[in-house]
Structure formats: structure tokens, C-alpha cells
Amino acid sequence: MTTSAHSDLDCSGCDAPEPIEGNYFVSSYPPFSCWSKEQLGAAEQALQHSAARDEIPLGLYLHIPFCAERCHYCYYRSYAKPTRDQTDEYIDTLLTELTNYSQAPAVAGRAVDFVYFGGGTPSLLSAAQIQRLLDGVKHVFPLDTAREVCFECAPQSATDDRLRVLRDAGVTRISLGVQQLNDDVLAKSGRIHRVADVERAWSQIALHGFPVVNLDLMAGLVGETDETFFASLARILEMGSMCVTIYLLEIPANTPLFHALQEHKVEQPPADWDMKRARLRRAFEQLEQRGYTIRSAYAAVRDPERGRFVYQEAQYHGADLLGVGVSSFSYFGGVHYQNQASLDRYLHSVDEQGHARLRACELSDEEQMVREFILQLKLGGARAATFRDKFGVSLAERFAAPLSECAQHGWLTVDEEGVRLTREGLLRVDRFLPTFYLPQHRNRTYW
Ligand SMILES: C[S@@+](CC[C@H](N)C(=O)[O-])C[C@H]1O[C@@H](n2cnc3c(N)ncnc32)[C@H](O)[C@@H]1O
Ligand code: SF4
């Protein structure tokens with residue numbers, strides 16, 4: 001689950017310099033520096049409050065924080081080379097935490113609409129462990145109501161035995177981290193897989209017939225050129241997966257790549273934002289020529305109905321999300337909260353208190369409205385009727401000044417239907433979202 005957002009924007013306008021380093025992808029609001037221990041009581045209240053929330057979709061996020069190796073650019077919470085004992089203990093704790101949440105008054109008895117197993121690398125678990133994990137989840141929350149069950153895989157561990165367990169257990173969406181199809185670029189990023197691993201994984205996944213397969217690519221990796229990027233994309237287009245996601249490389253300060261750049265240890269620094277955006281622009285054009293529809297700021301889908309990404313769409317429209325696992329993020333009853341961010345503290349907290357909540361942020365009605373508006377812009381636009389019915393606001397009036405400013409840049413249009421981003425707007429949406437923030441959040445950081 002991507003959880004960052006860059007912070008060095010002067011949000012009073014859209015002309016601030018592009019960040020060279022720093023986070024960029026906005027996935028929550030208000031920014032993390034507004035979250036605090038003091039607001040944890042609001043999370044507890046939301047979970048205890050049993051007022052009917054049945055009409056609000058409920059999703060689960062399970063974080064598996066283990067990888068074979070750490071990639072140089074990665075900012076996700078994960079630990080390399082776990083032992084079998086560590087992963088076994090972690091699964092036990094995850095299931096304990098989930099069971100405890102299932103008994104909270106505002107959760108008990110509710111049907112689950114979507115589930116996401118993210119990492120780290122969930123496919124690093126063995127087939128037997130994945131079976132145990134899925135059985136354990138189903139024991140607590142029957143998944144037959146879920147419209148989507150998504151599981152993240154890395155190419156080397158997307159093996160036949162694991163995929164069989166996933167398919168039999170009802171996983172509907174596999175997301176495979178390809179990043180690029182060039183061995184030199186993969187090696188320079190510290191990826192352990194090579195092109196041949198992706199080809200093998202792709203054939204195996206195809207054999208199991210998952211309803212949706214998403215391939216993650218990245219633009220802007222060390223060693224990447226137009227040639228390596230578009231040759232990768234050409235092969236991805238031949239594969240014809242239902243979804244293709246293209247992330248633009250972010251280099252937050254907690255990554256080895258950030259430090260290597262600071263110490264001038266990278267021979268050829270990665271592409272700047274203009275270059276990354278130009279690659280994404282051309283990639284979107286090529287995907288459209290092949291019949292794909294651009295679904296969001298970073299993703300294309302071959303069939304917009306069959307290839308929907310419920311996890312993202314539901315969250316961006318205000319669904320409840322219960323996150324479990326180290327450092328996981330939740331949004332429940334209008335309250336954001338995050339779990340303990342270190343493995344030891346997470347295990348200890350669940351053991352001692354039954355949960356591992358670390359910090360929270362209670363949103364006012366207005367903050368919930370702003371949150372949904374900015375998140376929906378990442379899907380290409382927001383409907384006026386949705387906001388009128390749900391929040392009683394006119395988008396055109398409420399956001400008149402920033403909408404006019406962004407429209408002058410050619411990034412969006414506004415009419416009675418709502419707000420629609422242009423392609424140029426979509427390509428830089430994360431950069432101008434803070435223009436729509438409440439004044440007190442505009443200069444707040446995401447860490
Ligand atoms: C949790 S990983 C996916 C599964 C698996 N761990 C893997 O990498 O193959 C989610 C995705 O985040 C993207 N990602 C990771 N670090 C990133 C960064 N610094 N900037 C942009 N995208 C990043 C990658 O495309 C990756 O596939
Ligand atoms: S990109 Fe994926 S495999 Fe690499 S360290 Fe991050 S979570 Fe692990």
C-alpha cells in the first residue's frame with residue numbers, strides 16, 4: 001500500500017519547484033504530521049460505536065512485511081530474509097489482531113467487500129503458510145461477500161504451488177512487481193529477479209486463470225533509458241494483462257537509494273520528474289492505442305468493468321478499511337490510524353493490548369469531504385452529484401479559487417457534471433492536490 005506524499009510544495013500555488021527527492025504519492029489526508037497519539041481515543045471510539053455502518057463498504061488490508069532482499073528504492077516497511085519462525089509468528093499475530101477487530105461492536109457481523117494482501121512481498125510466504133493465513137482470515141471474516149481479494153507477488157516467488165493455493169482460496173486479483181524488463185536495470189535497483197523470472201511467473205499466473213492480473217512497472221529507475229523503458233512496455237503490451245500500473249520513482253529519505261545519491265555513489269542519477277512524466281505520458285498513449293483505458297493517474301485497464309480495482313475505488317469513496325500488520329494504515333468511521341512501525345513493537349503491542357495502534361487522526365466532516373475529493377481526482381475526476389448528495393457541497397463553489405487556478409494551467413475542467421482532469425492534469429495530480437487542502441494542512445509533512 002503506497003502511503004507517502006511529497007511535502008516540499010508551496011501549496012498556495014502550483015509553481016513550486018518539483019521535488020528532486022522526497023515523497024510524492026498522496027494516499028491519505030490530512031498529512032501524517034497531523035496524526036497523533038492524543039487522537040487514538042477517537043479510533044477506539046469509532047470501533048466501539050455500533051451505530052449502523054452496514055451500508056459503508058468494509059475492506060481489509062493485511063501487511064506482510066518480508067522480502068527476499070530490500071530493493072534500493074523501496075520505502076515500504078519490510079524486513080529481508082526472514083526465518084520460518086519469524087514468518088510463522090507474524091502470521092499468528094496478524095490473525096490474533098484481525099480476530100480482535102472482528103469482535104469490535106462497529107465491525108462484528110459486517111460483510112467484507114474487499115481484501116488486500118500487500119507488502120513487502122506476501123508471496124514470500126510458503127504455500128502452506130499462505131493456506132494457513134487465508135484459512136485464518138476466512139475463519140474470522142467469511143470472504144464469500146468480497147468483490148475482490150488481491151494478493152501481491154514478486155516474480156521469483158510467484159510459483160505454481162503458491163498460485164494454486166491462492167486461486168483455490170478465491171483470490172481474484174494478482175499484482176506482480178515487474179518494475180522493468182531489463183536485467184541491467186533490475187540489477188542496478190537491487191531487484192533479485194530477472195526478466196526470465198517474470199516470463200516464468202507470467203506463464204504460471206496465466207495457467208491459473210485469475211480474473212484480474214496487474215503488472216507493476218516503474219519509470220525512472222537507475223540505469224533506465226527511453227530504450228529500456230519502452231522495450232519493457234512493448235513486451236508488457238504483448239502480454240496483454242488486464243491492468244498495468246506505472247509508478248514514477250520516488251526517492252524518500254528512508255531508502256538506500258536516497259543515501260547513495262547523497263554520497264554521489266550512483267554513476268548515472270535517475271531521471272528527473274519531467275523525464276518520468278514524459279515516459280508515463282507516452283506509455284499511456286501506447287496503452288490506449290492497444291485498447292486500454294486510463295483508469296487512474298498511474299494505471300491502465302483493458303476492460304474498465306472487469307478490471308476494476310475495488311480496493312482503491314472503495315477507499316477513495318470513503319469505505320472503511322481495517323489494516324492489520326506492522327505499520328499498516330486504517331481508515332474507520334472517519335478516523336485514520338496507523339499501527340506500530342517496527343516489527344518488535346508491533347508483535348509486543350498485539351500481545352499486550354490486542355492491537356498495535358500508534359497514532360490517529362480524527363477527521364471533521366469537512367476534512368472527510370476534502371479527503372474524498374482529492375483522492376477521487378486521482379481517479380480522473382469527481383462528480384458534482386456525489387458531493388452534493390453526500391456532503392451537501394457544490395464542488396464548483398467550495399473549491400472555486402483552486403479549481404480556477406488549475407483550470408488556467410490546463411489541468412482540469414469544471415462543469416455541471418463535476419471536475420474532470422485533463423491528461424496533463426492527471427500526469428501531475430499528486431503535485432497540485434495540496435492546493436485543495438484546508439489552510440492548516442497545506443504546509444504539513446507526510447512523515
Ligand atoms: C509492495 S511492492 C509489490 C510487491 C513486491 N514487493 C515487488 O516489489 O515485486 C508495491 C509496488 O510499489 C512500487 N514501489 C516501490 N517502491 C517505490 C518507489 N520508491 N517509488 C515508486 N514506486 C515504488 C513498485 O512498483 C512495487 O511493485
Ligand atoms: S519493492 Fe517489493 S520486493 Fe522490493 S523491497 Fe519493496 S516491497 Fe520488497
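In listed order, ligands and their atoms are each counted from 1.
Judged by the 6.0 Å distance and 45° axis criteria, R359 is not positioned over the aromatic ring of Y337.
Using a 4.0 Å heavy-atom cutoff, G120 is listed among the residues neighbouring ligand 2. Heavy-atom separations between L248 and ligand 1 include at least one value shorter than 4.0 Å.
Taking the six-membered ring for Trp and thresholds of 30 and 60 degrees, F309 and Y311 have ring planes inclined between 30 and 60 degrees apart. The aromatic rings of Y29 and H441 sit perpendicular, their planes meeting at an angle over 60°, well past the 30° parallel limit.
Here is the list of ligand 1 atoms found below 4.0 Å of a heavy atom in D216: 10 (C), 11 (C), 25 (O), 26 (C), 27 (O). Close approach to M218 involves these atoms of ligand 1, each under 4.0 Å from a residue heavy atom: 17 (C), 18 (C), 20 (N), 21 (C), 22 (N), 23 (C), 24 (C), 25 (O). Per-residue contacts place A154 under 4.0 angstrom from the following atoms of ligand 1 (heavy atoms of the residue considered): 9 (O). For ligand 1 and G177, the ligand atoms under 4.0 Å from any heavy atom of the residue are 9 (O), 27 (O). Interface of Y247 with ligand 1, defined as ligand atoms under 4.0 Å from a residue heavy atom, comprises 13 (C), 21 (C), 22 (N), 25 (O). Residue-ligand proximity, G119 to ligand 1, at heavy-atom distances under 4.0 Å covers atoms 1 (C).
Between the side chains of E152 and S123, no donor-acceptor pair of N or O atoms lies under 3.5 Å.
Contact annotation for H193 and ligand 1: no heavy atom of the residue comes within less than 4.0 Å of the ligand. Residue I251 does not touch ligand 1, judged by heavy-atom distances below 4.0 Å. With a 4.0 Å heavy-atom cut-off, ligand 2 is reached by the backbone of C71 and by its side chain too.
Considering backbone and side-chain atoms together, T121 places an N or O closer than 3.5 Å to an N or O of ligand 1. Of the N or O atoms in G120, one or more lie within a sub-3.5 Å distance of an N or O in ligand 1. Annotation: R191 places an N or O atom under 3.5 Å from an N or O atom of ligand 1; distance criterion only.
Enclosure of atom CZ in R345 is not indicated, since only 12 or fewer non-hydrogen atoms of other residues, nucleotides or ligands lie within 6.0 angstrom. By the 6.0 Å contact criterion, NE2 on H139 is open, its count of non-hydrogen atoms from other residues, nucleotides or ligands being 12 or less. Residue R306 places its CZ atom among 12 or fewer non-hydrogen atoms of other residues, nucleotides or ligands, all under 6.0 Å distant.
With distances taken over non-hydrogen atoms, the option nearest atom 3 (C) of ligand 1 out of H72, H63, R77, E152 is E152. Between F66, Y298, Y73, Y76, it is Y76 that holds the heavy atom closest to atom 12 (O) of ligand 1.
Using a cut-off of 2.8 Å, one finds that C74 contributes an N/O/S atom close to atom 6 (Fe) of ligand 2.
Side-chain atoms of S328 never come within 3.5 Å of backbone atoms of H63 as a donor-acceptor pair (strictly under, hydrogens ignored). A donor-acceptor pair under 3.5 Å is formed between the side chain of N100 and the backbone N or O of G354.
D226 and R279 get closest at one heavy-atom pair: OD1-NE, 2.7 Å. Counting all heavy atoms, side chain and backbone alike, Y292 lies closest to M242 at CE2-O, 3.7 Å.
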